[in-house]
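No experiment lies behind these values; they were computed from the predicted model shown. Reminder, nothing fancy here: chain letters follow the sequence lines and each chain counts from 1. All values below were derived from every heavy atom in this structure, side-chain atoms included, with hydrogens, water molecules and symmetry-related copies excluded.
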Number of protein chains: 2
Amino acid sequence: MPDTPPLGLRDRKRIETRLRIETAAVEIVTAEGLDGATVDMISERADISPRTFFNYFESKEDAILGTQDMGEVQRAIAAGVASAETDDLVAAIVSTMFHIFGPMAARTQLKTQRMALVQEHPRLLSRQIHQFTQLNSTMAAAVVEFLTKRESTLPRDPEHVAEIAVATCVASVRIAVKEWIAAGATADIDSMYLRAMGLTRETLNTLT
Amino acid sequence: MPDTPPLGLRDRKRIETRLRIETAAVEIVTAEGLDGATVDMISERADISPRTFFNYFESKEDAILGTQDMGEVQRAIAAGVASAETDDLVAAIVSTMFHIFGPMAARTQLKTQRMALVQEHPRLLSRQIHQFTQLNSTMAAAVVEFLTKRESTLPRDPEHVAEIAVATCVASVRIAVKEWIAAGATADIDSMYLRAMGLTRETLNTLT
DNA sequence: GTGCATTTTTGCAGTCCCTGCAATTATTGC
DNA sequence: GCAATAATTGCAGGGACTGCAAAAATGCAC
C-alpha cells in the first residue's frame with residue numbers, strides 16, 4: 001500500500017471532475033432513463049463540454065457504472081476466501097464478498113442509485129457482469145485453494161467445481177442485493193449477508 | 001411440438017436472408033475486426049439495403065452472434081422444464097437445455113468462427129451475457145412452475161431459489177460446453193450432457 | 001510575478017449505429 | 001388478375017464516439 005502522494009491542484013481537479021460526471025450521469029439516467037439521458041445532458045450538468053466527457057470515460061455506460069479498480073479487489077477476495085476461518089465453503093465465499101464489497105457499498109446517494117440502475121437496466125448489468133468476469137476466475141482459484149487446504153476428498157475437477165460453486169454463491173449475493181435495494185436499502189449489511197446465506201442453503205436443499 | 005408447417009416462399013426467403021446476413025457479418029468481422037466491419041459492408045455482401053439489416057437484427061452485435069428469435073427458444077425451454085418427466089430438478093433444467101441447444105450446436109464453419117469471435121471481442125461477450133440474462137428469468141419462471149407441481153414443500157422464496165438454481169445449472173452447462181469445445185467439439189452431445197450433470201452433482205456435494 | 005513546458009479542455013468536422021416514416025415492391029390467398 | 005398482407009428500401013435525423021488542432025489552465029523554474 002503506497003501512502004497517498006500529495007496531490008497537486010491538477011490531480012485534485014481531475015478527480016473531482018470525474019466524480020461530478022459520475023454523479024451527473026447517475027442522476028440524469030435515474031430521471032430520464034438509460035436512453036433518455038444523452039451525453040450532452042450529462043456534460044451540461046457536470047459543467048464540462050461533451051468532448052471532455054470522452055476524455056474521462058470511454059462510453060456513457062462506463063460513466064454510469066463509475067470506475068472499478070479491479071486489481072485491488074481481486075487480491076483482497078482471493079486472500080479473504082483462502083484464509084476464511086470457517087470450514088463452510090458457502091460461508092467463506094459469501095462472507096468474503098460482503099467484507100470486500102460491504103464497505104464499498106457504504107451508503108452514499110451515488111452508490112445506492114447506481115446499484116438501483118444496474119438492477120433496472122439489463123444493458124448495465126451485463127456490462128458490469130462482464131467487468132466481473134475476471135473476478136470470478138480469481139474467486140474460483142481461491143476456492144480451489146480453500147478446498148485443497150480443508151477438504152480431505154477433493155472433487156475430481158476442483159477448478160470446474162469451484163467455478164460452479166462461485167456462480168451459485170454470486171447469484172445468491174446478487175439476489176440478496178436486489179432485495180436490499182427493493183426494500184429501500186435500509187436494512188444493515190449483516191442482514192443482507194444472512195439472507196444470501198439462507199437463500200443459498202434453500203437452493204442447495206431444493207437441488208439435492 | 002407442432003410439426004413443421006410447409007414454409008411458403010416468403011418464409012424461406014426470410015430464413016435464407018437472415019442466414020446470409022449472419023454469414024456476411026461473421027466473415028467481415030473476422031477479416032476486418034469488430035470496428036472495421038460496418039453495417040454498410042455487411043449489408044452489401046448480404047445483398048440487402050442497410051435499412052433492411054435492422055429489420056432482421058437489432059444491432060451489429062446481434063447479427064454477428066446470430067441471435068435467434070429468443071421468444072421461440074424461451075417458450076420451448078419453459079415448456080421443456082415444466083413438462084420434464086423426471087422429478088429431479090437439475091436433470092430437468094440441464095436436459096432441457098441440451099434438448100433445445102443441442103441441435104442448434106451442429107458444427108458449421110459459421111458457428112466455429114462465431115465462437116472464436118466471441119472469445120476475441122469482449123463486447124460480443126457482453127452482449128451474449130445480456131441475451132442469457134433474459135433467458136435466465138424465463139427459465140426461473142419455469143422452475144417455479146416445476147416446483148409448484150412436484151415439491152410437496154416449496155422453499156420460502158420459490159422465485160429467488162429458482163434463479164439461483166438456474167444460475168448453478170447454467171454454469172455447469174457452460175463449463176461442459178467449454179470443455180467440449182476445448183476437446184475439439186468431437187464427442188457426442190450425450191456425453192456433454194452427462195458431464196454437466198456430473199459437475200453439478202459434485203458441486204452440490206462440495207457445497208453441502 | 002514572468003516566461004515556458006506540459007496537461008487539459010474545447011470546438012469542429014466527420015463516421016457510424018440505429019430509428020421512424022412513408023413509398024415501393026414482392027408474396028399470398030382468392 | 002386482384003386485393004390484402006408483408007418485406008424492402010430510401011431518406012431524414014438523432015445520438016454515440018473519434019481525431020485533430022486551437023485555446024485555456026496548471027506546474028515549475030527563475
Side-chain angles (χ1 to χ4, degrees), chain A residues 5-22 24-26 28-29 31-65 67 117 121-124 126-127 130, chain B residues 4-22 24-26 28-29 31-67 69 71 117 121-124 126-128 130-131:
Chain A
L7 294 182
L9 172 60
R10 193 169 260 165
D11 295 297
R12 269 183 284 125
K13 275 190 97 166
R14 216 179 147 71
I15 289 171
E16 198 228 309
T17 301
R18 189 181 192 86
L19 183 61
R20 255 202 343 272
I21 298 175
E22 291 179 14
V26 167
I28 295 190
V29 173
E32 309 285 341
L34 189 47
D35 290 323
T38 70
V39 170
D40 283 5
M41 293 181 198
I42 297 170
S43 306
E44 192 184 346
R45 175 166 313 194
D47 215 35
I48 52 165
S49 82
R51 185 64 188 81
T52 302
F53 179 95
F54 290 104
N55 287 340
Y56 282 84
F57 296 98
E58 285 188 5
S59 70
K60 197 171 72 171
E61 282 76 12
D62 280 347
I64 300 163
L65 290 176
T67 307
L117 288 180
H121 299 286
R123 251 168 59 200
L124 294 179
S126 58
R127 192 163 186 114
H130 176 241
Chain B
T4 47
L7 291 183
L9 173 60
R10 190 172 267 164
D11 294 299
R12 270 182 284 127
K13 274 187 96 166
R14 217 179 146 70
I15 290 171
E16 198 228 307
T17 301
R18 188 181 190 88
L19 183 61
R20 251 198 350 268
I21 299 176
E22 291 179 14
V26 168
I28 296 190
V29 172
E32 309 284 341
L34 188 47
D35 290 324
T38 71
V39 171
D40 282 5
M41 292 182 198
I42 297 170
S43 306
E44 193 184 345
R45 177 170 309 198
D47 214 35
I48 52 165
S49 82
R51 185 63 186 81
T52 302
F53 178 96
F54 291 104
N55 287 339
Y56 282 84
F57 296 96
E58 285 187 5
S59 69
K60 195 171 74 173
E61 283 76 13
D62 280 346
I64 300 162
L65 292 174
T67 304
D69 196 15
L117 288 179
H121 299 285
R123 254 168 58 201
L124 293 179
S126 185
R127 185 90 190 176
Q128 211 180 37
H130 172 61
Q131 290 169 4

Undergrad: For A/L34 and C/dC18, what is the distance between atoms CG and C1' respectively, to the nearest whole Å?
TA: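 Computing the A/L34:CG to C/dC18:C1' distance gives 15 Å.
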
Undergrad: Ignoring backbone atoms, establish whether B/K13 has a side-chain N or O less than 4.0 Å from OP1 or OP2 of C/dT27.
TA: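 So the side-chain polar atoms of B/K13 do come within 4.0 Å of the phosphate oxygens OP1 or OP2 of C/dT27, strictly under.
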
Undergrad: Whole angstroms only, please: what is the CD-P distance between A/E16 and C/dT9?
TA: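 So the two atoms are 11 Å apart, to the nearest Å.
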
Undergrad: What N/O pairs connect the protein and nucleotides 22-25 of chain C at under 3.5 Å? Give each pair on its own line.
TA:
none

Undergrad: Look at all strands and tell whether B/A63 reaches a base, only sugar-phosphate, or nothing, counting heavy atoms closer than 4.0 Å.
TA: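 Touches nothing.
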
Undergrad: Could you work out, with side-chain hydrogen bond (donor to acceptor under 3.5 Å, both in side chains) as the rule, every residue matching B/D35, not counting sequence neighbours?
TA: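 Result, side-chain hydrogen bond (donor to acceptor under 3.5 Å, both in side chains) vs B/D35: B/R123.
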
Undergrad: Please state how far atom CD1 in B/I21 lies from atom P in C/dC18, giving the value in whole angstrom units.
TA: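 Between P of C/dC18 and CD1 of B/I21: 13 Å.
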
Undergrad: Once you round it to whole Å, what is the distance between C1' of C/dT28 and CZ of B/R14?
TA: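 Answer to the nearest Å: 16 Å.
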
Undergrad: Residues in salt bridge (Lys or Arg N to Asp or Glu O under 4.0 Å) with A/E16, at least two apart?
TA: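 Here the qualifying residues are A/R20.
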
Undergrad: Return the set of residues passing side chain to side chain contact (heavy atoms under 4.5 Å, CB included) with A/F54 (not counting sequence neighbours), or none when no residue passes.
TA: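 A/F54 satisfies side chain to side chain contact (heavy atoms under 4.5 Å, CB included) with A/V39, A/R51 only.
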
Undergrad: If the condition is side-chain hydrogen bond (donor to acceptor under 3.5 Å, both in side chains), which residues does B/D47 pass it with, not counting sequence neighbours?
TA: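 Not a single residue meets the side-chain hydrogen bond (donor to acceptor under 3.5 Å, both in side chains) criterion with B/D47.
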
Undergrad: Between A/D35 (CG) and D/dG14 (C1'), how many Å, whole number?
TA: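 Rounded to whole Å, this separation is 12 Å.
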
Undergrad: What are the residues of residues 48-57 of chain B, sorted by number, that bring a heavy atom to within less than 4.0 Å of DNA chain C?
TA: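 Heavy-atom cutoff 4.0 Å gives B/R51, B/F54.
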
Undergrad: Atom CZ of B/R12 to atom C1' of C/dT28: distance rounded to whole Å?
TA: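 Interatomic distance, CZ of B/R12 to C1' of C/dT28: 13 Å.
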
Undergrad: In whole Å, I'd like the distance from the CG atom of B/L124 to the C1' atom of C/dC17.
TA: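 Rounded to whole Å, this separation is 15 Å.
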
